[in-house]
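Both ligands and their constituent atoms are indexed starting at 1 by order of listing. The chain is numbered in sequence order, starting from 1. Only a predicted model underlies this, so the values are computations on that prediction, with no experimental measurement involved.
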Amino acid sequence: MAGIDYSERIPNNVNLHENRRLQRALEDWQPKFLEWWKDMGPYGFQAKEVYLRTATSVDAQGWAKFGYVKMPDYRWGIFLAEPEAGRQITFGDHQGSPAWQDVPGEYRGTLRRLIVTQGDTEPASVEQQHHLGRTCPSLYDLRNLFQVNVEEGRHLWAMVYVLDAYFGRDGREESEALLQRRSGDPDKPRILRAFNEPTPDWLSFYMFCFFTDRDGKYQLASLAESGFDPLSRTCRFMLTEEAHHMFVGETGVGRIVQRTCELMREHKTDDLRRHGGIDLATIQKYINFHCSVSLDLFGSEISTNAANFYTMGLKGRFEETKKRDDHRLKDATYSVAELDGEEIVSREEPALVSLNERLRDDYVADCQRGVTRWNETIKRHGIDVELPLPHRGFHRAIGSFAEVKVSPDGRVISEAEWDARHRDWLPTDEDRAFVQSLMVPVVEPGKFANWIAPPARGINGQPVDFEYVRLA
Ligand SMILES: [Fe+2]
Ligand SMILES: [Fe+2]
């Protein structure tokens, strides 16, 4: 198992020193990345020591070490999962051929676009979270924010490596452009809508990690099946880091739900705003918002692009190799939720063009598992409320449901009903201002803001009151 060479300027397990041209290209990009990080990375904490994990190998047993590091000194590097001897393409028209070690010429443009679209989300999320550190609910949470941030930075490195190593001059130009677009900038926005939404408060941050970053997990898992082996190996290691981001999102919202339940019992009311808690109704609105904008990231229900990515062998299904069918899907069908006038019905569609919807289904099932755990917390407190996921047609901007208005419980409704009700379903300016009013920094080790419960345990076996960020 190859370790990672930390004596090099760019830590890597890809023998970078053997490819001078590539090494020079990446060493030329490195200071630009650092400039972007100092500009757009966490605001105000760049000189502080943070208890972070850093990848030191790609071995499943102990791939990371923990220690204090100032974020600009973080060792962002290039780590690919170990090659699998004799790996074959497992789906599409090239099924059974050896996996490509180089870019197949006829798919060059398509593949580049796929990689750039994924790569663009990584720095975007760091930009969206630029100001959050200033209002952290605890040092533990502050550290988790920064851990996610540095790893999204590393994911950018992961994608830039593939672009620079395999796409020549075009790849290097794309690498530059990845540092030039800015989340929410009207002139040079990030590529996908959800990555241009601000993350103004910690409730939004945890919802983002739970819903939006989880889209990333599903996209990475599909690209990890790719016939283009370097992309597959890059994504496989990114998924290892991604598991922590899912944890941060699920436990973050879970701790807010828990604290809300405690306050409801203590004050015998569900109107918690006077008591400095986030009421369940507000949490529901944030779920509705973040879930719906994240559902859009999977694209249209019926998509010839998705079919082509699959047929070409570039992007598989979630857990492609575990599925028991022909992995070509030319004659298969898949059940897709569609509009039929005022009704939402499911219809059998050709499986190949339905791949976006299939991935969305896998994603929704995964979201539901986390939401069910939040609901169990509510139940344990003897509170008779359930937080449901909104219907997939609710508040959509992409796909067939973008043409109509759908309520969270899945009814097609009139514009008039939408206008009358949407303030009950989505966060209003008042809701956002209220949540913002709670965002007062808490930075004493072991102390937590009133609206969130402490975690069950600390990071890497450290106690909850550990000094996760040294502010002094
Ligand atoms: Fe990422
Ligand atoms: Fe992530």
Side-chain angles (χ1 to χ4, degrees), residues 33 36-37 40-42 50 52-55 58 63-64 71 74-81 114-130 132 141-163 174-175 178-179 181 183 190-192 194-197 199 202 204-224 226 230-253 290-291 293-294 297-298 315 318 359 362-363 366-367 370 459:
F33 167 83
W36 166 82
W37 177 268
M40 295 313 300
V50 186
L52 292 174
R53 78 173 177 191
T54 304
V58 295
W63 55 272
M71 285 184 279
Y74 191 77
R75 301 305 309 275
W76 286 282
I78 297 159
F79 318 128
L80 271 59
L114 271 173
I115 295 166
V116 167
T117 305
Q118 176 61 40
D120 193 66
T121 66
E122 313 287 356
S125 66
V126 176
E127 292 166 359
Q128 289 170 289
Q129 296 155 18
H130 180 56
L132 276 181
D141 291 282
L142 187 61
R143 177 266 168 208
N144 282 350
L145 167 70
F146 294 158
Q147 183 70 62
V148 170
N149 288 162
V150 292
E151 286 176 349
E152 300 306 1
R154 206 204 65 73
H155 292 176
L156 173 59
W157 272 95
M159 291 296 151
V160 162
Y161 162 72
V162 178
L163 288 168
E174 295 284 13
S175 299
L178 282 164
L179 293 176
R181 287 185 288 272
S183 177
R190 292 294 173 182
I191 295 169
L192 301 168
F195 291 89
N196 286 299
E197 300 281 352
T199 309
W202 284 76
S204 300
F205 170 62
Y206 287 128
M207 292 287 177
F208 179 94
C209 290
F210 185 85
F211 287 109
T212 307
D213 215 16
R214 189 178 309 274
D215 157 72
K217 169 185 160 183
Y218 278 80
Q219 301 301 335
L220 290 176
S222 308
L223 294 173
S226 182
L231 178 61
S232 164
R233 290 172 56 203
T234 301
C235 290
R236 270 183 271 155
F237 187 65
M238 291 165 77
L239 283 166
T240 311
E241 293 165 309
E242 208 57 52
H244 179 64
H245 308 181
M246 302 297 102
F247 165 85
V248 168
E250 186 184 326
T251 57
V253 178
H290 288 271
C291 184
V293 299
S294 303
L297 291 169
F298 291 83
K315 183 180 176 187
F318 181 66
L359 192 61
D362 290 325
Y363 167 83
D366 198 25
C367 289
I459 292 293

Checking distances from the Fe ion (ligand 1), one finds that the N, O or S atom of H155 closest to it is ND1
Here the gap from S204 atom OG to Q128 atom CD, rounded to the nearest 0.5 Å, amounts to 10.5 Å
Cation-pi check for F210 against R214: NZ or CZ below 6.0 Å from the six-membered ring centre and within 45 degrees of the axis, yes or no? yes
When you measure from the side chain of N196 to the backbone of R190, do you find a donor-acceptor pair of N or O atoms at a distance under 3.5 Å? yes
In E152, the N, O or S atom nearest to the Fe ion (ligand 2) is which? OE2
Between E151 and R53, is there a side-chain N and carboxylate O pair less than 4.0 Å apart? yes
OD1 (D213) to the Fe ion (ligand 2) to OE2 (E242), nearest 10°, is 90°
Contact flag E122/the Fe ion (ligand 1), N/O/S atoms, threshold under 2.8 Å: yes
Atom nearest to the Fe ion (ligand 2) - H245, N, O or S atoms considered: ND1
Centroid-centroid distance, W63 to F237, less than 6.0 Å: yes
